[in-house]
Amino acid sequence: RTIAQNPMTSPLLLERRLNAATTVLARSMFIQTQDTPNPSSLKFLPGRAVLEGGGTVDIPNITAAKGSPLAKVLFRIEGVKGVFFGPDFITVTKYDDEGFEWKLMKPEIFASIMDFFNSGLPVINEG
C-alpha cells in the first residue's frame, strides 16, 4: 500500500507494498491500483466514476487521445503507451522497455489523475 500526500504540498512519498494493491491518499481522494494479467498494464481505481454513462473507451495511442483531456494528460507521462477507461477505472499500459518501471511512473500517474479530477474537466469531451 502506498500512502502519499498531495504532491503539490509535499515531496515526500512513502511506499509500502501490501499484496498487489496500492492506495494513495490525497485531498480526500483514494486511488488504488490493481495488477492485470498483462505486466505492462496497471489498473487505477480512483474511487469515483470515470465514465459517467458506463461503458469503456480504448485510447491505444496519443493520436486517439484528442477527444479526452484525461488521456492527453496521461500520454504526457514518459513511458505511457495506451489508456483504457472503464466505468470506475483507468488502465494505463506502459512500453515494455526496461527503462519504464511502474515504481517510477506510478507517482506521476497518481498526481495526474488526482489533479485531473480536481480540475472538473470531462474525461471524454462531448460531441
Side-chain angles (χ1 to χ4, degrees):
R1 187 178 299 211
T2 302
I3 301 176
Q5 294 180 346
N6 181 339
M8 303 303 271
T9 59
S10 173
L12 181 61
L13 179 66
L14 302 174
E15 187 161 12
R16 191 181 67 193
R17 293 240 172 221
L18 177 63
N19 298 329
T22 305
T23 304
V24 169
L25 164 62
R27 290 189 194 174
S28 65
M29 182 177 200
F30 293 89
I31 299 176
Q32 296 182 321
T33 60
Q34 288 181 353
D35 290 337
T36 69
N38 177 355
S40 293
S41 296
L42 194 60
K43 188 182 215 179
F44 293 81
L45 300 145
R48 55 157 291 165
V50 174
L51 293 180
E52 296 291 338
T56 60
V57 175
D58 184 23
I59 304 173
N61 54 53
I62 194 163
T63 305
K66 62 185 173 194
S68 171
L70 176 53
K72 285 182 195 175
V73 167
L74 293 170
F75 275 107
R76 287 186 196 139
I77 298 169
E78 189 176 1
V80 171
K81 179 181 180 183
V83 176
F84 184 87
F85 298 129
D88 62 351
F89 67 88
I90 302 156
T91 298
V92 175
T93 301
K94 68 178 183 71
Y95 286 100
D96 292 329
D97 301 353
E98 288 184 23
F100 301 118
E101 298 179 32
W102 285 122
K103 68 181 178 181
L104 301 175
M105 295 175 67
K106 281 194 302 187
E108 193 170 355
I109 294 170
F110 283 138
S112 296
I113 292 170
M114 286 185 282
D115 289 346
F116 181 83
F117 281 117
N118 285 323
S119 77
L121 291 170
V123 172
I124 304 289
N125 288 327
E126 298 294 324

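Numbers here simply count residues along the sequence, with the first being 1. We use all heavy atoms of the structure for the numbers below, so side chains are in, but hydrogens, waters and symmetry mates are not.
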Common cluster, Phe116/Met105, ILVMFWY with side-chain heavy-atom separation under 4.5 Å: yes

Got a list of side-chain donor-acceptor pairs under 3.5 Å for residues 53-82, not counting sequence neighbours?
residue: Asn61; atom: OD1; partner: Thr63; partner atom: N; Å: 3.2
residue: Asn61; atom: OD1; partner: Ala64; partner atom: N; Å: 2.9
residue: Ser68; atom: OG; partner: Ala71; partner atom: N; Å: 3.0
residue: Ser68; atom: OG; partner: Val123; partner atom: O; Å: 2.6
residue: Lys72; atom: NZ; partner: Lys66; partner atom: O; Å: 3.4

Pairs under 3.5 angstrom only: tabulate donor-acceptor contacts from the side chains of residues 41-52 to other protein residues two or more places apart or in another chain.
residue: Ser41; atom: OG; partner: Asn38; partner atom: ND2; Å: 3.4
residue: Ser41; atom: OG; partner: Thr93; partner atom: OG1; Å: 2.7

Same apolar cluster (I L V M F W Y, side chains within < 4.5 Å links), Ile124/Ile90: yes

Shortest non-hydrogen contact between Val92 and Trp102, atoms and distance: O-CH2, 3.3 Å

Joint hydrophobic cluster, Leu121 plus Phe110, side-chain heavy atoms closer than 4.5 Å: yes

